[in-house]
*Asks:* 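Just dropping this structure here.
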Amino acid sequence: MSRGGVPLRAAAEVLSNQPAGGCNWRLLLRVPGWPGARPGQFAMLSPGARAACERWDPLLPRPMAIYRERAYSAETEIEILYKVTGRGTALLAEARVDQSVGVVGPLGRSFPLPAAGEDALLVGGGTGIASLYALASLSVQRGPTAVFLGARAAEDLMGLDDFRAIPELRVEVATEDGGAGERGLVTQPFERALASSPRAAVYACGPTPMMRAVAESAAKAGQRCFVSLENSMACGFGVCLGCAVPQRDGVFSLVCREGPVFAADAVDWSGLA
Amino acid sequence: MSAAADLSVDLGGIALRNPVLTASGTFGYGTEFSPFLDLRTLGGFVTKSLTLLPRAGNYPPRIAETPAGMLNAIGLENVGVEVFVREKLPVIPEDVPVIASVFGTEAAEYAEVLKRLSGVPKVAGFEINASCPHVKSGGIEFGQAPELLVQLVRAVRRATPQPLLIKLSPNVTSIAEMARICEGEGANALSLINTLQALDVNLETRRLVLKNGLGGLSGPAIRPVALRMVYQAARAVRIPICGIGGISSAEDALKFLLCGATAVQLGTINYLNPAAAAEIVDGIAAYLVRAGCSRVRDLIGALES
């Protein structure tokens, strides 16, 4: 679990901001000087476009996974997939092309890549899927990689076509209403793959019950597992101390600084919301 | 072209190159901001409150967003004074005045922390946290009861000859009375305000949002309250005042100076904009040039009647 380049604060130009199925949106930003993110890192985004007149409500920036990035000489475009869940994200969905969004990032520790000889098994649920695309696209270059994507309904499956376009990536889908892929929980196809893999590195991001189930299965199978946790945070870089989560050893860890990626066996699941 | 204005101020014996500091608990131990800000642009910074032993802080949830503000109940998580001196202080650049915030559950603990820090290089002075609203004991108890505040200020005054700021709680009936107590017991300056005691409710779970129940409200929402209290305190005492409470722009900072603050501290804005302090210093300098004012200290308490 490592960090990328030194984070920066920038006014990022909105290149596009489009609905992406269900309550999901896809935001493309041009960030001058962006140092490049590693898989699993995140950025803090202002809740909506930066207004001509300062607006303090809602106040706090929102942590968002960096879904994908494309680097050109001195500029990088970063892509964010987000779900409109409240006022901040509703305002973000109103950001128009040529407006700018405040960005601080890249932040947090990244997913460790699978070792030689390990199958990579990635499990994403709901908005957690957005944290896995960069990992999937790197992991396929190192060895057999499968991603298991789950959501309530087909329209909620973020970025499904993008994952399907990654060469050599096995993609399996489960939806609770059966509208796409297997009916039921995403843990079902994952469990089957885990059972047939002699050596795997397991990665999960999604609702806490999903991550916990994945972590427990991986532990039973004796495979290493990493989870990316979500939490509300005010700063994203280790000073507000708002995103503390309890760990097995009784101490608190900050999701923004020690995470968001944690070794699953360090997490105190009973202490997570 | 006009010459650059003189931004320097004297905060109770601490010489500051400009009146913009960053508030305790919102600026970590300083170096967290190095990617975003040259720390030497700050007038100074106030550390996370330090206790004799490390503290793990409160069980989460610890923060919540509120209208134009936020609640927090961190519970004074900090590395403890020893680790601060050994590991945190050495990596802070030279030439950045560090004001160490000090907390204890009883007056004797405050005094012990002060003794450990007295004379330590880079520490320009101390801010006594007499107002933390979200720990079980200490802090706000001292800041809310006049007789306890007398004892606390007396004890910390005895513990160090260095500049001593007392950080006051807004959760009191008369800020003027608390300010006069601090002045009478030998404090060099006051910092105000700490957060306002507050809470929020989650309608889904029908529980209080913060695990601690009560938290402290900060951010732009509290700014007019803070400005009023600085105004009242400045009329009650002669010692300098460091104004705190939702300051988010140079204009906000200037209003605090006009109401009698010698310097200001930025808090919640550091989370949203980690470069805010540098922008606000620049904004103050630009205002002075525009207003034809050569020294920022001429603005302190310079409200027209």
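Computation of the quantities below employed the complete heavy-atom set of this structure, encompassing side-chain atoms and omitting hydrogens, waters and symmetry-equivalent molecules.
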*Asks:* Set out, in order, the CA-CA distance, both residues' side-chain angles and the distance that settles side-chain contact (heavy atoms from CB on, under 4.5 Å) for A/Phe252 and B/Tyr59, then state yes or no.
*Replies:* CA-CA 8 Å; A/Phe252 294 120; B/Tyr59 208 85; 3.9 Å; yes
*Asks:* Taking A/Cys240, A/Cys235, A/Pro61 one by one, which has the highest count of heavy-atom pairs under 4.5 Å against chain B?
*Replies:*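 Among the listed options, the one with the most contacts to chain B is A/Cys240.
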*Asks:* Where on B/Pro220 is there a heavy atom nearer than 4.5 Å to chain A: the side chain, the backbone, both, or neither?
*Replies:*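 For B/Pro220, the contact with chain A is made by the side chain alone.
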*Asks:* Considering only heavy atoms, which portion of B/Phe33 lies under 4.5 Å from any heavy atom of chain A: side chain, backbone, both, or neither?
*Replies:* side chain
*Asks:* Taking all atoms of both residues into account, what is the closest heavy-atom pair of A/Pro7 and B/Pro35, and its distance?
*Replies:*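 Nearest heavy atoms, A/Pro7 then B/Pro35: O-CB, 3.6 Å.
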*Asks:* Please classify the contact between B/Asn273 and chain A as side chain, backbone, both or neither, with a heavy-atom cut-off of under 4.5 Å.
*Replies:*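 For B/Asn273, backbone and side chain are both near chain A.
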*Asks:* Around atom CZ of B/Arg86, are there more than 12 heavy atoms of other residues, nucleotides or ligands at under 6.0 Å?
*Replies:* yes
*Asks:* Considering only heavy atoms, which portion of B/Ser248 lies under 4.5 Å from any heavy atom of chain A: side chain, backbone, both, or neither?
*Replies:*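 Contact with chain A: backbone and side chain both.
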*Asks:* Find the distance between CG (B/Leu76) and CG (A/Leu241) and round it off to the nearest 0.5 Å.
*Replies:* 10.5 Å
*Asks:* Restricting to non-hydrogen atoms, name the atom on B/Gly28 and the atom on A/Val239 that form the minimum distance, rounded to 0.1 Å.
*Replies:* N-CG1, 3.7 Å
*Asks:* Could you pull out the closest heavy-atom pair between B/Tyr271 and A/Ala234, with the gap in Å?
*Replies:* CB-O, 3.5 Å
*Asks:* Specify which of A/Val104, A/Leu272, A/Leu59, A/Leu8 makes the most heavy-atom pairs with chain B at under 4.5 Å.
*Replies:* A/Leu59
*Asks:* What are the two closest non-hydrogen atoms of A/Gly242 and B/Arg62, and how far apart are they?
*Replies:* O-CB, 4.0 Å
*Asks:* Is there a donor-acceptor pair under 3.5 Å between the side chain of B/Glu65 and the backbone N or O of A/Leu60?
*Replies:*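 Side chain of B/Glu65 to backbone of A/Leu60, a donor-acceptor pair under 3.5 Å: yes, one is there.
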*Asks:* With a 4.5 angstrom heavy-atom cut-off, which part of B/Phe36 approaches chain A: side chain, backbone, both or neither?
*Replies:* side chain
*Asks:* Give me the atom names and distance for the closest heavy-atom approach of A/Glu54 to B/Ser249.
*Replies:*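 Closest pair (atom of A/Glu54, atom of B/Ser249, distance): OE1-CB, 4.4 Å.
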